[in-house]
Amino acid sequence: MTTSSSRAWTLGALTLLGACGTDPAAPELVIRDATMGMGSPVVLGASADSVYWSVGSGNGPRLAAGGSLASLPAAGQPLGMASGSIAQVADHVLLVNDSSIVRASVAVPATKVANVPAESLTESDEAAPILVWSEGAKVSWGDGEALGTATLTKILHCDQLVITGSSIFVGATGTSEDRLLRIDRATSTVFPLSASSTHAMSFPGGGATGASYRGRLVGADAVGAAWLVEEVPAGATAASRTILVSYPAQGEPSVALEHIGASSAFFVDADAFYWQEGEVLLTAPRAGGAASILGHLPATAGAIEAGFVYYTKDGSILRLPLDGLD
């Protein structure tokens with residue numbers, strides 16, 4: 001059993017390890033003014049060639065914007081107004097505008113790809129992309145026209161969608177708690193994988209009395225899905241402890257990371273997990289092994305791509321190399 005005091009010792013040791021890295025790099029200015037005259041920017045994601053963000057205020061429409069990374073700092077480029085969700089996928093964004101879904105990028109003009117209402121959406125990163133969208137408890141997928149649909153039980157709405165070669169993973173708000181599900185693309189069969197509270201005893205020392213549990217799908221691929229479960233103490237609104245549960249394509253789920261504090265950002269790539277606790281950015285290999293501290297970040301990470309971490313500050317978008325954090 002690992003106690004909170006031993007966890008503090010571990011993080012202290014990791015801090016020393018992190019301090020032995022390379023000399024810190026100066027932040028690189030990516031987009032000088034990302035506000036687009038509309039408010040504070042929120043990074044949606046990045047590719048090797050572009051960065052994408054949204055701008056808006058309150059619950060009103062938001063502007064999707066992007067910028068090329070070919071020459072920095074770059075000018076922001078408006079891509080379209082969204083009345084609903086915006087999602088970055090590889091080198092483009094998808095946005096909901098009234099009852100239609102639009103695809104746009106810094107290189108290709110905005111194009112309507114589906115005339116359907118949608119609350120959440122994503123797309124496969126394939127030569128012939130498959131679009132996925134949800135409305136309430138119904139998930140649909142296709143190339144503009146629905147090729148398959150599935151209705152999820154005990155679900156109010158879908159929050160995260162990830163499509164792989166054979167499956168669609170869904171992180172959803174259920175009637176009583178958050179749930180993780182998998183849909184078989186070929187048969188439309190729904191496989192319930194987890195409810196957030198079922199992992200209470202997976203926390204070091206077991207769950208806390210009176211605590212509630214929240215779940216979030218943070219990534220999925222051919223290897224499996226990554227389900228982040230947060231423990232919120234009784235009477236609190238913010239999480240105090242977090243674990244990452246791995247759901248492999250074949251086999252039983254297991255706890256991939258069990259000593260995560262209150263995490264403000266979490267990312268999964270092909271080889272590693274990255275997350276932020278306060279101003280500290282950490283990483284751990286997906287194949288298993290100890291976590292290590294990459295360094296300190298002056299703001300909340302918005303994206304990690306191609307060896308850089310992107311974040312916003314004072315209306316600008318900046319980036320730092322992962323191997324150059326202090």
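Treat the numbers as computed from the prediction; the structure is a model and nothing was measured.
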Can you see which heavy atom on [X] is nearest to which on [Y], and at what distance?
{"X": "Ser68", "Y": "Ala74", "value": "O-CB, 3.1 Å"}
{"X": "Ser196", "Y": "Glu177", "value": "OG-OE1, 3.3 Å"}
{"X": "Ala110", "Y": "Leu79", "value": "CB-O, 3.8 Å"}
{"X": "Ala291", "Y": "Trp275", "value": "CB-CH2, 3.7 Å"}
{"X": "Pro253", "Y": "Val245", "value": "CB-CG1, 4.1 Å"}
{"X": "Ser194", "Y": "Trp227", "value": "OG-NE1, 3.3 Å"}

Interatomic spacing from [atom1] in [X] to [atom2] in [Y] - rounded to 0.5 Å:
{"X": "Met36", "Y": "Gln77", "atom1": "CE", "atom2": "CD", "value": "8.0 Å"}
{"X": "His92", "Y": "Thr111", "atom1": "NE2", "atom2": "OG1", "value": "10.5 Å"}
{"X": "Asp125", "Y": "Asp91", "atom1": "CG", "atom2": "CG", "value": "7.5 Å"}
{"X": "Arg179", "Y": "Leu156", "atom1": "CZ", "atom2": "CG", "value": "10.0 Å"}
{"X": "Ser47", "Y": "Leu69", "atom1": "OG", "atom2": "CG", "value": "6.5 Å"}
{"X": "Asn115", "Y": "Ser99", "atom1": "CG", "atom2": "OG", "value": "8.5 Å"}

Using only atom types and a distance under 3.5 Å, with no angle test, would you say the side chain of [X] pairs donor to acceptor with the backbone of [Y]?
{"X": "Ser124", "Y": "Ile130", "answer": "yes"}
{"X": "Glu277", "Y": "Gly261", "answer": "yes"}
{"X": "Ser167", "Y": "Thr164", "answer": "no"}
{"X": "Asp184", "Y": "Thr187", "answer": "yes"}
{"X": "Ser85", "Y": "Leu121", "answer": "no"}
{"X": "Thr312", "Y": "Gly315", "answer": "no"}

Give the cluster check for [X] versus [Y]: same hydrophobic cluster or not, with ILVMFWY residues linked at side-chain heavy-atom distances below 4.5 Å.
{"X": "Tyr213", "Y": "Val255", "value": "yes"}
{"X": "Met38", "Y": "Trp53", "value": "yes"}
{"X": "Leu282", "Y": "Ile260", "value": "yes"}
{"X": "Val55", "Y": "Met81", "value": "yes"}
{"X": "Val102", "Y": "Val113", "value": "no"}

Considering only heavy atoms from C-beta outward, does the side chain of [X] approach that of [Y] to under 4.5 Å?
{"X": "Tyr311", "Y": "Pro298", "value": "yes"}
{"X": "Ser120", "Y": "Asp159", "value": "no"}
{"X": "Leu152", "Y": "Val190", "value": "yes"}
{"X": "Tyr310", "Y": "Val30", "value": "yes"}
{"X": "Leu217", "Y": "Val162", "value": "yes"}
{"X": "Leu244", "Y": "Val218", "value": "yes"}
{"X": "Glu28", "Y": "Leu320", "value": "no"}
{"X": "Val89", "Y": "Leu94", "value": "yes"}

**Asked** With a cut-off of 6.0 Å (strictly less than), are more than 12 heavy atoms of other residues, nucleotides or ligands near CD of Glu126?
**Response**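 Yes, the 6.0 Å shell around CD holds more than 12 heavy atoms from other groups.
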**Request:** Please say whether more than 12 non-hydrogen atoms of neighbouring residues, nucleotides or ligands are located less than 6.0 Å from CZ in Arg286.
**Result:** yes
**Prompt:** After noting the C-alpha distance and the side-chain angles of Arg62 and Ile86, does the key distance pass the side-chain contact (heavy atoms from CB on, under 4.5 Å) rule?
**Reply:** CA-CA 9 Å; Arg62 291 181 296 155; Ile86 308 174; 3.8 Å; yes
**Request:** Go through Val51 and Leu44 one step at a time and tell me if the side-chain contact (heavy atoms from CB on, under 4.5 Å) criterion holds.
**Result:** CA-CA 8 Å; Val51 62; Leu44 297 169; over 6 Å; no
**side-chain contact (heavy atoms from CB on, under 4.5 Å) between Val229 and His199, intermediate numbers included** = CA-CA 8 Å; Val229 181; His199 294 289; 4.1 Å; yes
**Message:** Salt bridge check, Arg214 against Glu231: does any charged N sit closer than 4.0 Å to a carboxylate O?
**Reply:**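 Looking at Glu231 and Arg214, the cut-off is not met.
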**Asked** Between Trp133 and Glu135, is any side-chain donor less than 3.5 angstrom from a side-chain acceptor?
**Response**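 Side-chain D/A pair, Trp133 to Glu135: absent.
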**Message:** Can you confirm whether the side chains of Thr35 and Asp33 place a donor and an acceptor under 3.5 Å from each other?
**Reply:**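 Result is yes, a qualifying pair exists.
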**Prompt:** So Phe266 and Phe273, would you call those rings parallel, tilted or perpendicular, with 30° and 60° as cut-offs?
**Reply:**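 Rings of Phe266 and Phe273: tilted, 30 to 60°.
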**Request:** Applying side-chain contact (heavy atoms from CB on, under 4.5 Å), run through Ser100 and Lys112 and close with a yes or a no.
**Result:** CA-CA 7 Å; Ser100 62; Lys112 184 183 295 186; 3.9 Å; yes
**Message:** Given the ring of Phe203, does Arg241 sit roughly above its face, with NZ or CZ under 6.0 Å from the centre of the six-membered ring and within 45° of the axis?
**Reply:**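 Negative - Arg241 is either too far from the ring of Phe203 or too far off its axis.
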**Prompt:** Which of these, Leu193, Ile163, Thr122, Val132, sits in a side chain to side chain contact (heavy atoms under 4.5 Å, CB included) with Phe169?
**Reply:** Leu193
